[in-house]
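In this text the structure is predicted, and so the values were computed from the model without any measurement. Numbers restart at 1 for each chain; the letters A, B, ... are given by sequence-line order, proteins then strands.
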Amino acid sequence: MPELPEVETIANGVHQRVVGARITSVWTSGKPQTFKTPPAALEAALSDSTILEVKRVGKTIVMRVRPESAGDAAPLDFLIHLGMTGRLVVATPDVPPPPHTHAVLSLADGREVRFVDPRRFGRLSLAAGTYTGPGAEPTTIGEQEFIALFRGRKLAIKAALLHQSLLHGVGNIYADESLFRAGIRPTRPAGRLTRAELLRLREALRAVLARAIQLGGSSVSDYVDAEGMRGYFQIEHAVYGRGGQPCKTCGTPVKKIVVGGRGTHYCPQCQR
DNA sequence: CGTCCCACCTGATTGC
DNA sequence: TGCAATCAGGTGGGAC
């Protein structure tokens, strides 16, 4: 479900609500697929800890906690990956937990942080040290570093943008939207793009992500932030989800194809 | 190692 | 209306 702008919106919203709160106990559904760290270990590590910070790294929500019990215990990173349908919501116990709730952190003030995930593609785990993610941050990466990511690569630029060990945080929507804004066809081999095209792509990506964060992300079906609010960037989508409809720039029908197994949208006129 | 493709799940929508 | 097929914002592992 969520890509960088959606994950950032959720992380910021949860941070505002729970920073400084103390986790008193943890409940888990025990569904094995959801837990990269065994549920019992998660419950033990997070119970009686204080939430120092909630932030985004790539598409992962990082909840940094300090264990209370063991005096000078080092802070710990609790990682929440939302997969396609995951949600992280702050609620009060009088609101019944929705179906597919897989983890609940009970806070000392009575509120709960709930992880809900119908398709169970999401993952919960503890990081060994400070989590830095698998790749580079698309919002802050420099020009030379960006260009170097794609050198010599034969895969389609669209597929390369989705490769999290290169750039983390970019998903299907923002790959398509940034390629449109840069005027680059998604099927082009990544290593064949010119320096000028890659610089355009870097700028397009930064602009698209910044604008999407500003609008609270894209709500394509059921994505909501920590407060249950929808995002509004989908209104500004130029190509994603617009197959067959006229290009907003030139009127040519937007094409929908499959690249790297993912639905891919582009304008055959504007993107070369 | 780089790349491709499919499995992993549930639910909403489309099509017959 | 009813039921089956198709599709979905993501990853990770196996095959080549």
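- Residue A:Arg262 places at least one side-chain N or O under 4.0 Å from the OP1 or OP2 atom of C:dG10.
- Separating the CZ atom of A:Phe150 from the C1' atom of B:dG2 is a distance of 15 Å, rounded to the nearest angstrom.
- One atom, CG of A:Leu82, and another, P of B:dC9, lie 18 Å apart when rounded to the nearest Å.
- With a cut-off of 3.5 Å on both Watson-Crick or G-U wobble distances, the partner of C:dG9 is given as none.
- Using a 3.5 Å distance cut-off with no hydrogens or angles, the side chains of A:His102 and A:Asp117 do not pair a donor with an acceptor.
- A sub-4.0 Å separation between OP1 or OP2 of B:dG2 and a side-chain N or O of A:Lys154 is absent.
- Residue A:His100 places at least one side-chain N or O closer than 4.0 Å to OP1 or OP2 of B:dG11.
- One interatomic measurement links the two molecules: CG of A:Leu166 to P of C:dT11, which rounds to 13 Å at whole-angstrom precision.
- Checking B:dT3, C:dG12, C:dG10 against every side-chain atom of A:Lys36, the shortest atom distance belongs to C:dG12.
- For the pair A:Leu4 CG and C:dT11 P, the computed distance is 11 Å after rounding to whole Å.
- When the side-chain nitrogen and oxygen atoms of A:Lys256 are compared with OP1 and OP2 of C:dA8, one or more of them lie within a distance under 4.0 Å.
- A donor-acceptor contact closer than 3.5 angstrom links the side chains of A:Tyr174 and A:Ser218.
- Contact annotation: A:Lys31 side-chain N/O to B:dC9 OP1/OP2 distance is not under 4.0 Å.
- Nucleotides B:dC9 and C:dG14 are separated by 16 Å at their P atoms, to the nearest Å.
- Residue A:Arg120 has no polar side-chain atom (N or O) positioned under 4.0 Å from OP1 or OP2 of B:dC8.
- OP1 or OP2 of C:dT11 sits under 4.0 Å from a side-chain N or O of A:Gln164.
- Separating the P atom of C:dT6 from that of B:dC6 is a span of 14 Å, rounded to the nearest Å.
- Distance from the side chain of A:Leu155 is smallest for B:dT3 among the nucleotides B:dT3, B:dT10, C:dG9.
- The closest side-chain heavy-atom distance from A:Leu205 to A:Leu161 is below 4.5 Å.
- To the nearest whole angstrom, the two P atoms, one in C:dT1 and one in B:dG11, are 22 Å apart.
- For A:Gln33 and A:Pro99, each mapped to the nucleotide of DNA chain B holding its nearest heavy atom, the one lying further toward the 5' end belongs to A:Gln33.
- Residue contacts shown for A:Tyr240 are limited to sugar-phosphate atoms, with no base heavy atom under 4.0 Å away.
- Computed from coordinates, the A:His163 NE2 to C:dG12 P distance equals 11 Å when rounded to whole Å.
- In summary, the aromatic rings of A:Tyr240 and A:Phe233 are positioned with their centroids too far apart to meet the 6.0 Å limit.
- Close to C:dT11, at under 4.0 Å from its OP1 or OP2, lies a side-chain N or O of A:His81.
- Proximity of a side-chain donor or acceptor of A:Asp77 to a complementary backbone N or O of A:Ala127 within less than 3.5 Å is not detected.
- Remark: A:Arg200 does not engage A:Glu203 in a salt bridge, criterion side-chain N to carboxylate O under 4.0 Å.
- If A:Arg119 and A:Leu162 are placed on DNA chain C by their nearest nucleotide, the residue sitting closer to the 5' end is A:Arg119.
- With centroids closer than 5.5 Å and planes inclined by less than 30 degrees as the test, A:Phe121 and the base of B:dC8 pass as a stacked pair.
- With salt bridges taken as basic N to acidic carboxylate O contacts below 4.0 Å, one links A:Arg56 and A:Glu137.
- Atoms CZ (A:Arg242) and P (C:dA8) sit 17 Å apart, rounded to a whole Å.
- We find that CG of A:Asp176 is positioned 11 Å from P of C:dA8, with the value rounded to whole Å.
- In this structure, A:Gly261 reaches neither bases nor backbone, as no heavy-atom distance under 4.0 Å exists between it and the strands shown.
- Side-chain N/O atoms of A:Arg123 include none lying less than 4.0 angstrom from OP1 or OP2 on C:dT11.
- Between the NE2 atom of A:His265 and the C1' atom of C:dC7 there is a distance of 11 Å, given to the nearest Å.
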